[in-house]
Every structure is written in structure tokens, then in C-alpha cells.
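Below, all heavy atoms of this structure are taken into account, side chains as well, without hydrogens, waters or symmetry copies. In this chain, numbering begins with 1 at the start of the sequence shown. All of these numbers come straight from a predicted model, not from anything done at the bench. In listed order, ligands and their atoms are each counted from 1.
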Amino acid sequence: MERTAKLTFEGHELELPIEEGAEGELAIDVSDLYGKTGATTLDRSLANTALCRSQITYIDGDKGILRYRGIPIEDLVYRPNFVEIAWLLIFGRLPNRQELSDFSEALSNNQLLHEGLRHQFQHIPVDAPPMAILSAMLNNLACYHQELLTVEDTEQFTLAAARLISKVRTIAAFSYRRSRGLPIIHPDPALRYCANFLHMMFSVPYRHHVLDPEIEDALNLIFILHADHEQNCSTATVRTVGSARANLFASCAAGVCALWGPLHGGANVEVISMLEQIAAGGMEPEECIRLAKDKDSGFRLFGFGHRVYKNYDPRAKILRETCERVFARIQVRDPLLDIARKLEELALKDSYFVDRRLYPNVDFYSGIILRAMGIPTNMFTVCFAIGRLPGWIAHWKEQHDDPSSRIIRPRQVYLGSKQRGYVPMSER
Ligand code: SDX
């Protein structure tokens, strides 16, 4: 028997279908509400609204659970490589050996940039924000791969996905090299995904960067942890743009723009600024906590809190442990980690944070590890985007392949002027 929710108002009485998710979560389907009543729902940040049905990622915010295609994140971060997880998210299952080999080869065959695109880096200001470069260059791929503006079959889609996932590293590394006045380092197809990125970032023309396997593994773990997170702001943006049948390059470029925000992926940059300010003696940890609690301060404890996780973000837990492993490897201990731990300790015993169920999120520790790798702070959100790209592509594909999907076009509550006439300038 169909489960329903009764809604009565203004003489209307509706039975709204209730949909149950794979893990028992319930959604009241209001798809017919406006047609039957002329009323819409108001849910300003969509915190109570399911944008779509999806089979890609499951999050349980109360229990701190994160699964990619049903596999717990804890079972993924230490074993397979990032390319394998990208395939899992996009195609819905773990690839067999041939599939993974074919996809890896497609990445290797598509890691160079078109020379026209490469030359554009010469005209970018050396202090340009890397996220501005990234969103522009991902969108620019549409100029050089016009045959992929519409993807009619899996082969075309897979090529577009491979070009994005492979070239995003090249674009990111080139923007870093440009910012440092260094010659660009071309990709080396003999290297695995993460090693190749570190090579393009840190090698010099006469000597390959000496890759530490532990550092490569840590970057692989960071990319996997960031690979998808259901309907977060940037993924919902990719879906919204893609719902208009915009191409994959444009949709992912839009995702980069949303991710840039300091409340979203940009938080990993803000966390380091906050920790550096404390490390420089500009602020005590206790002052930082006080400011975060003071609504008038306009200050937030970046890297803390989450719309969905009301428990410890499982990714933050893994990243916190990874910090120790990386520092042991490079035999350097960044004081920022001790400051981060102190802030966490103060917050988690403070009723303001406890009552609001504010815990460290993925951005709280990720920057400390990226810093230990020598990646500059302004590239942290770019690294987040490299990790999140397979998730954006997976969601774009899921929506693109769904024959019932429609253009995303929400309504509003209009509070503007009632009808009035035009007033000629002479009478104003
Ligand atoms: C990411 O959605 C995703 O999945 C995102 C992400 C992904 O993988 O895609 O997980 C990645 O974006 C992680 C979040 C990174 N952002 C930050 O670390 C920025 C700091 N955090 C906050 O701005 C905030 O917690 C958000 C943006 C993450 C969540 O915002 P919400 O759900 O809108 O929560 P809210 O602003 O309504 O806060 C609820 C209460 C408020 O206090 P009251 O009005 O109830 O008194 O908690 C307070 C907020 O003031 N609060 C904080 C706080 N976060 C929430 N107070 C101080 N410091 C904070 N960090």
C-alpha cells in the first residue's frame, strides 16, 4: 500500500506520496503540489529538499557514514587508486582489469593541452586566482573539443570525461608554474595519476621531482576523499547547469565556481589563514573560539560545521590521522597541526559547538597535508576540484541518462511591488 502524507490547507486536502530511499530515508513527493493547489513550498537553502533521485553516494549525517556506490569510504581510501574510484563513481561499479586499463590509457592519451589553450597561460596575470583560471580553462576545453559538446553515446561521454579528469591536473599545474614564473613541465605518461600531477607541479626541466610514495599515497587519499558528496552546493550547480542540456565542460566549470566559495570548497584556504594567524601570535585559540561564537564578529570557525554531518565528518577523521603519517614521513611537524588539534579540543567541549553539533569537516585538516606536500595555499581549492571532478561528472551523467529529468527551474515567493505605472523622467 502506498505510503502518503496528508496535507490540508485553504480548503485543499491532498495525499502526497512518500518515497523511501535505499537506506530508509523518507521524502514527501510534492511534484504535483503546485498543479493541484497553486501553492509552492518554500525551502530557502533547500536543506529540506531532495533535488533528485541518485544512486551515486550515500551520506548518513547523524552516524557519520559516507559510501561511494555503496562502498564505505574507509574501504576505499587506502586501497585502490583515484582513477579506479573515478570509474566506480561514474559507471556505478568497480572496473575490471581491462576497463581500468582502458580508462587509464584514455587519461594518458589526453593529458596534454591543445597548444592554443596552453598559449593562453602566457596572457594570464601571474597573481590570478587559480580557481578563476581553472573554471575558465575547463570551460575553454569546449572551444578545443567541440565534437564533445553533445555526447550521444558512451564512447563520446567517456572521452569527454577522460579529457576533463586528465587535463584538470595539467591546467592546475600550469597555473601554478605560471604563478611562480617557472617553465611548464609537460605530463609524463609513465607516471600514475597523482605522481604525474606532482611531477608537473614540482619537477624542473633538467630533473624529475623525486616522488615520495607516501606523499603520492596521501594525495591519492585526498583526491578519493573529495571525489563525491551527493548534492553539495557545487554538485547541485553542475546538475542545474547540466539540466539545461549544457555540455559537460560548461557544467563542470560552473561547479568550480560554486566550489570556490569560502563556505564550500574555499574553506580549506580559510582554515590555513586562521591557523597561520594564530601561529603568528595574531590571535589565541581561545579568542578564535570566542569570535566564532559571537554572531556580531562575522567570524566563523572555518573547517567546522556541515549541513549534513551532525557528527564527526568521516573524511576529517581520516585526514587527521593522515597528517601524523605524512609528518612522520617528511620528519617535519607543522605547528599548524597542533593549533588545529587545540581548536578542535576547545570546540568539542564548548556547548556552543556541541549544542549545534558542529564538528570538523573535510576542510579542517586537508590543507595541513597539502601544505606538507609543498602545495601553496591558493591551490588547495584547486586540489579539492581535481578530487571532486569525477563526482561532478558522475552526477552530470546520471541526470543526462535519465529520460525523466527536466530542466531545473525553481519558483519563488514574490515580495516586490504590486503593479504600478512607468513614471516619466520629468515627473521623478
Ligand atoms: C564543504 O555540503 C557538502 O557536502 C559540502 C562538502 C563537500 O564535500 O562538498 O562537505 C565540503 O563545503 C564543507 C564545509 C566547508 N565550510 C566551512 O568549513 C565554513 C564554516 N562552516 C559553516 O559556514 C557552516 O557550518 C556550513 C556552511 C558548512 C553549513 O552551513 P549551514 O548548514 O547553513 O549551517 P548554519 O550556517 O545554518 O549554522 C547553524 C548554526 C548557526 O548558529 P545559530 O544561528 O543556530 O545560532 O551553527 C552556527 C551558525 O552560526 N555555525 C557556526 C559554524 N557553522 C555553523 N558557528 C561558528 N563557526 C562555524 N563554522
Is [X] in polar range of ligand 1, meaning some N or O pair under 3.5 Å apart?
| X | value |
| --- | --- |
| G303 | yes |
| A267 | no |
| F304 | yes |
| R356 | yes |

Residue R307 vicinity, atoms of ligand 1 by number, heavy atom under 4.0 Å: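 Atoms satisfying the 4.0 Å criterion: 29 (C), 31 (P), 32 (O), 33 (O).
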Which one holds for [X] and ligand 1: side chain close, backbone close, both close, or neither close, with close meaning a heavy atom under 4.0 Å?
| X | result |
| --- | --- |
| D363 | side chain |
| E270 | neither |
| T235 | neither |
| R388 | side chain |
| Y309 | neither |

Is it the case that the side chains of W392 and S234 hold a donor-acceptor pair, with the cut-off being a distance below 3.5 Å and no angle test?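 Judged by distance alone, the side chains do pair up.
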Taking only distance into account, with no hydrogens and no angle test, what donor-acceptor pairs under 3.5 Å do side-chain atoms of residues 34-42 form with protein atoms, sequence neighbours excluded?
from	atom 1	to	atom 2	distance (Å)
T37	OG1	L33	O	2.8
T37	OG1	A39	N	2.9

